[in-house]
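Heads up: the structure comes next, in structure tokens.
The structure presented is a predicted model; accordingly, all values stated were derived computationally and were not measured.
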Amino acid sequence: MDSFQEAQIPKPKFRDPSLKEYMEKSLGGGRVKSQKQFLDNDRRVLRFYARFDDLPYVIHYFLADDTVEIREVHHPNDGRDNFAMLMKRQKLPKNFGVSQPGHQHIGDLYWTCDEFEPYGFIESFGRQFYIQGVDPFTAKFFREQYGKNFNIGEIEYPKPP
């Protein structure tokens with residue numbers, strides 16, 4: 001038999017998921033860390049109340065995949081366009097410059113939740129968002145995981161002129 005004839009022989013497919021998982025683990029495979037992180041933290045979201053340019057924003061940090069979204073906060077008749085999403089859900093890069101051929105990044109590329117500080121700044125594509133408070137779940141999470149004490153806050157609307 002040559003290699004072409006060997007390639008034509010059908011290979012068995014695993015239809016039983018438990019058998020497939022057993023075979024993967026017996027061969028040294030199994031769930032990777034990112035899958036474990038996803039399963040442990042699915043639907044757990046950290047919520048930060050922030051300000052930029054005297055406007056309120058809500059920053060959501062998704063623990064399942066370390067992604068961030070930034071939303072504008074609007075109230076009726078605020079005179080601003082109603083585009084609530086400032087940044088769609090994605091990993092938040094620390095440096096947003098255009099990469100050039102041969103240019104290598106040194107250090108961490110993306111923000112992680114342990115880098116958020118009480119009353120600190122988060123930079124997103126050249127904008128610095130000042131963290132003013134968090135929701136109760138986020139305050140409890142940071143107190144238990146990292147020993148950081150965030151103030152429980154809420155959305156602060158701009159004062160009318």
Side-chain angles (χ1 to χ4, degrees), residues 17-18 20-22 24-25 27-100 103-161:
S18 60
K20 180 180 177 184
E21 186 176 354
Y22 170 75
E24 287 176 352
K25 287 187 178 184
L27 295 172
R31 295 206 168 118
V32 294
K33 183 182 175 192
S34 63
Q35 287 177 332
K36 180 177 179 353
Q37 178 185 358
F38 177 80
L39 293 174
D40 290 344
N41 296 310
D42 188 26
R43 292 187 284 160
R44 294 177 69 193
V45 179
L46 304 178
R47 179 176 293 136
F48 300 91
Y49 303 113
R51 292 192 83 70
F52 167 73
D53 244 2
D54 290 333
L55 296 174
Y57 291 87
V58 176
I59 300 172
H60 291 135
Y61 186 93
F62 297 88
L63 292 171
D65 55 358
D66 296 326
T67 56
V68 176
E69 78 175 6
I70 301 175
R71 296 183 154 271
E72 293 181 8
V73 176
H74 292 286
H75 62 279
N77 296 327
D78 64 357
R80 298 183 57 83
D81 289 335
N82 194 14
F83 296 109
M85 189 76 68
L86 181 70
M87 186 184 84
K88 68 178 183 174
R89 184 174 173 177
Q90 64 183 353
K91 287 192 176 240
L92 182 60
K94 289 185 179 179
N95 298 322
F96 72 98
V98 178
S99 59
Q100 300 294 324
H103 181 260
Q104 293 184 358
H105 294 283
I106 298 172
D108 296 330
L109 297 176
Y110 301 104
W111 285 92
T112 56
C113 67
D114 60 333
E115 296 171 328
F116 286 63
E117 295 291 334
Y119 299 110
F121 288 94
I122 292 298
E123 187 170 342
S124 171
F125 299 102
R127 296 181 173 130
Q128 287 194 341
F129 293 90
Y130 175 67
I131 297 174
Q132 294 185 315
V134 296
D135 67 339
F137 170 76
T138 305
K140 181 181 174 193
F141 176 82
F142 272 97
R143 193 171 36 257
E144 291 174 355
Q145 295 290 324
Y146 303 110
K148 296 178 182 180
N149 290 320
F150 280 87
N151 284 343
I152 294 177
E154 59 185 30
I155 297 171
E156 293 182 18
Y157 295 105
K159 295 176 178 69

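- In this structure, the ring of Y61 has its center no less than 6.0 angstrom from the ring center of F48.
- The distance from atom CZ of R71 to atom NZ of K88, rounded to the nearest 0.5 Å, is 13.5 Å.
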K94 and E123: CA distance, side-chain angles, deciding distance, salt bridge (charged side-chain N to carboxylate O under 4.0 Å, His left out) verdict: CA-CA 7 Å; K94 289 185 179 179; E123 187 170 342; over 6 Å; no
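- Between the side chain of K148 and the backbone N or O of A139, no donor-acceptor pair lies under 3.5 Å.
- Checking Y49, F142, F137, F141 one by one against F150, the ring pair (Phe, Tyr, Trp, His ring centres under 6.0 Å) holds for a single residue, F142.
- With contacts defined as side-chain heavy-atom distances shorter than 4.5 Å, the pair M85/E69 qualifies.
- Between the D135 side chain and the T138 main chain, a donor and an acceptor come within less than 3.5 Å of each other.
- Between A50 and F129 the shortest heavy-atom distance is CB-CB, 4.0 Å.
- Pairing each heavy atom of L92 with each of S124, the nearest pair is CD1-OG, 3.5 Å.
- For the side chain to side chain contact (heavy atoms under 4.5 Å, CB included) test with I59, the passing option among L86, L46, V68 is V68; the others fail.
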Residue pair L63, V45: steps toward the side chain to side chain contact (heavy atoms under 4.5 Å, CB included) verdict: CA-CA 6 Å; L63 292 171; V45 179; over 6 Å; no
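- E117 approaches D114 most closely through the heavy-atom pair OE2-O, 4.2 Å.
- In this structure, R89 is positioned above the aromatic face of F62, its NZ or CZ under 6.0 Å from the six-membered ring centre and within 45° of the axis.
- Interatomic distance, I131 CD1 to F116 CZ, rounded to the nearest 0.5 Å: 6.0 Å.
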Derivation of the side chain to side chain contact (heavy atoms under 4.5 Å, CB included) call for L55 and E72: CA-CA 8 Å; L55 296 174; E72 293 181 8; over 6 Å; no
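- To the nearest 0.5 Å, the span separating CZ on F52 from CZ on F121 amounts to 11.0 Å.
- Distance CZ/R43 to CZ/F38: 9.5 Å, rounded to 0.5 Å.
- Expressed to the nearest 0.5 Å, how far CZ of R47 lies from CD of E154 amounts to 12.5 Å.
- Between atom CG of residue D53 and atom CD of residue Q128 there is a gap of 11.5 Å, rounded to the nearest 0.5 Å.
- With 3.5 Å as the limit, one finds a donor-acceptor pair spanning the side chains of D66 and Q37.
- Annotation for R51 and P56: closest pair NH1-CB, 3.8 Å, computed over non-hydrogen atoms.
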